[in-house]
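Below you'll find the structure, written out as C-alpha cells, and then a few comments.
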Amino acid sequence: MAIEEEYGAHNYHPIPVVIAKAKGPWVWDVEGKKYLDCLSAYSAVNQGHLHPKIVQALKDQLENVALTSRAFYNDRMGPYLKHLLEICGKGFDMALPMNTGAEAVETAIKMVRRWGYEIKGVPEGKSEIIVCANNFHGRTTTIVGFSTDPDANTNFGPFTPGFKIIPFNDIKALETAITNNTVAFLCEPIQGEAGVIVPSNGYLKQIREICTRNNVLFVLDEIQTGFCRTGKMFCFQHEGITPDVLTLGKALGGGLLPVSAVVSRKEIMKVFIPGSHGSTFGGFPLACVVGEAALNVLVEEKLDVRAAELGEMFITELKKINHPRIKEVRGKGLLVAVELSEKARPFTEQLIQNGILAKETHDYVIRFAPPLVISKEDLNWALDIIKSILGK
Ligand SMILES: *Cc1c(COP(=O)(O)O)cnc(C)c1O
C-alpha cells in the first residue's frame with residue numbers, strides 16, 4: 001500500500017485491503033483472509049473470478065496468436081461478433097469491437113453524430129445529443145464534459161460541445177429537449193454509479209416511443225447493467241423494447257480482459273468506413289476468445305435466471321431489516337443498493353471486517369453486486385452478516 005501510495009497517482013482512494021488471489025465470488029488478501037466480493041469490479045466479474053472455462057479459452061488461444069494488426073483479418077473476430085449479435089437479439093446486426101467501456105461510448109457518440117449529418121440531415125456542426133443528470137459513461141474528456149459530477153470534471157475543460165443534460169427518469173424533459181438537430185438520447189437503464197437509481201416502470205418504453213417519433217437514436221449504455229446483472233441478459237429486455245445502439249463492456253471481458261463493443265443496425269453502423277475509426281487492440285484474438293467464452297458461460301449457467309432469483313431473495317431479505325437508518329432498499333437482479341439515513345462508511349468498514357467487500361457511493365448508499373455465480377448458501381451467509389450490521 002505504501003509503495004503504491006508513493007508511486008501511483010492518487011486518482012483512487014482504495015479501501016485498505018490488498019487482494020492477492022481470487023476464485024468465483026471470493027477474494028483473498030495477502031494475509032490469506034477471505035472476503036466475498038460484493039462489488040465485482042463494477043459488474044466486470046459477473047461470471048466470477050477466474051472462471052475455469054474462460055481461463056481455459058484464453059490459455060488455449062495463447063498457443064495460437066494473441067494480437068494481430070487490424071490491417072489483417074484474424075480467425076476469431078467474425079465468429080465472436082456473430083455470436084455477440086445473436087445474444088443481443090433482434091434489431092442488432094452489426095458490432096464494432098473496442099476495449100474499455102468509455103471507448104465504446106465514444107464510438108457510439110461518433111457514430112450517432114455521423115448518422116445525424118449523413119442520414120438524418122442535421123446541418124454540419126449542429127448535432128445535439130441529450131444525456132441525463134448523474135450519468136456515468138466513463139472518464140474520457142468528451143464523456144466527463146457532460147457529467148454533472150464536479151469530482152469527475154472540474155478543471156478538465158474546455159469540453160466537447162453538443163450535449164444537453166436533462167433529469168433522469170423525466171419523459172417530459174426529454175420531449176422538450178429534442179430539436180431538429182437532436183441525433184441521439186444516451187442513458188443508462190439503471191444509473192449504477194449514481195447509486196443504483198431505478199427509473200419508473202415504462203421509462204425505457206416511453207423513451208423508445210419518443211425517439212422513434214422524432215427520428216432520434218436511442219443509445220443505451222448497458223456496460224454495467226448488461227450480461228445478466230439485472231436478471232435478464234440485458235436490462236432493456238425487462239420492458240420488451242430495443243434501443244438503436246447498445247454500448248457493452250465490463251462482463252463481456254469475463255473478468256479477464258477489457259473487452260467492449262458497440263452494437264447497432266447496419267444502416268447506422270455503415271457510417272463507419274475504412275479510416276474513420278479504429279483501435280489497435282479492438283477485436284484482438286485474445287479478446288475475442290475471452291468474449292466468446294464469457295458469453296457462453298452466461299448462457300450455459302443461466303446467470304440471468306440466477307440473478308433474477310437470487311436478487312429477488314436478496315432484496316426481500318434486505319427489506320426485512322427493521323431499523324430507522326434504512327431509508328430505501330432498491331435494485332434489480334443482483335444490482336442492489338441500500339440507502340441509509342446516516343453515513344455509510346462505518347458500516348462498509350464493519351462489513352469488510354466481517355468478510356464482505358462492499359463500498360459506499362455518495363456517502364449514504366451501499367451497493368451490493370456480487371458475482372452472479374454466487375451460491376444461495378453464500379448469499380445467505382452474507383445476508384446474515386449484512387442484517388446484523390445494518391440492523392444493530
Ligand atoms: C463502467 C462504466 C463505463 C466505463 O467503462 P470503462 O471500462 O471503465 O471505461 C461506462 N458506462 C457505464 C454505465 C459504466 O458502468
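Numbering of ligands and ligand atoms starts at 1, following listing order.
- Residue contacts with ligand 1: Glu193 is placed with no nitrogen or oxygen under 3.5 Å of a nitrogen or oxygen of the ligand (distance criterion only).
- If you look at Tyr42 next to ligand 1, there are no close heavy atoms at all, none under 4.0 Å.
- Atoms of ligand 1 found under 4.0 Å from any heavy atom of Phe136 (numbered from 1 in listed order, with element): 1 (C), 2 (C), 3 (C), 11 (N), 12 (C), 13 (C), 14 (C).
- One side chain, Gln56 or Asp60, offers a donor N or O that lies under 3.5 Å from an acceptor on the other.
- Using modelled atom types and a 3.5 Å distance limit, the side chains of Ser375 and Asp378 yield a donor-acceptor pair.
- For atom 11 (N) of ligand 1, the nearest non-hydrogen atom of the protein is Asp221 OD2, 2.6 Å.
- Of the polar atoms of Glu188, none of the N or O atoms is found under 3.5 Å from an N or O of ligand 1, judged by distance alone.
- Phe236 and Phe92 have tilted rings, their planes meeting at an angle from 30° to 60° on a 0 to 90° scale.
- Note: an N/O pair closer than 3.5 Å links Lys250 and ligand 1 by distance alone.
- Counting only heavy atoms, the protein gets under 4.0 Å from atom 15 (O) of ligand 1.
- No donor-acceptor contact under 3.5 angstrom links the side chains of Gln224 and Ser43, judged on distance only.
- Below 3.5 Å of separation, one finds an N or O of Ala102 facing an N or O of ligand 1.
- Close contacts between ligand 1 and Gln224 involve ligand atoms 15 (O) [criterion: under 4.0 Å to a heavy atom].
- Less than 4.0 angstrom separates some heavy atom of Thr100 from each of these atoms of ligand 1: 7 (O), 9 (O).
- No hydrogens or angles considered: nothing links the side chains of Glu103 and Ser260 as a donor-acceptor pair under 3.5 Å.
- In this structure, Val297 and Ile54 approach most closely via the heavy-atom pair CG2-CG1, 3.9 Å.
- Residue contact check: Ile223 has heavy atoms under 4.0 Å from atoms 2 (C), 3 (C), 10 (C), 11 (N), 12 (C), 14 (C) of ligand 1.
- Of the N and O atoms on the side chains of Glu193 and Thr361, not one donor lies less than 3.5 Å from an acceptor on the other residue.
- Counted by atom type alone, His137 and Glu106 present zero donor-acceptor pairs between their side chains at under 3.5 Å.
- At least one N or O atom of Gly101, backbone or side chain, sits closer than 3.5 Å to an N or O atom of ligand 1.
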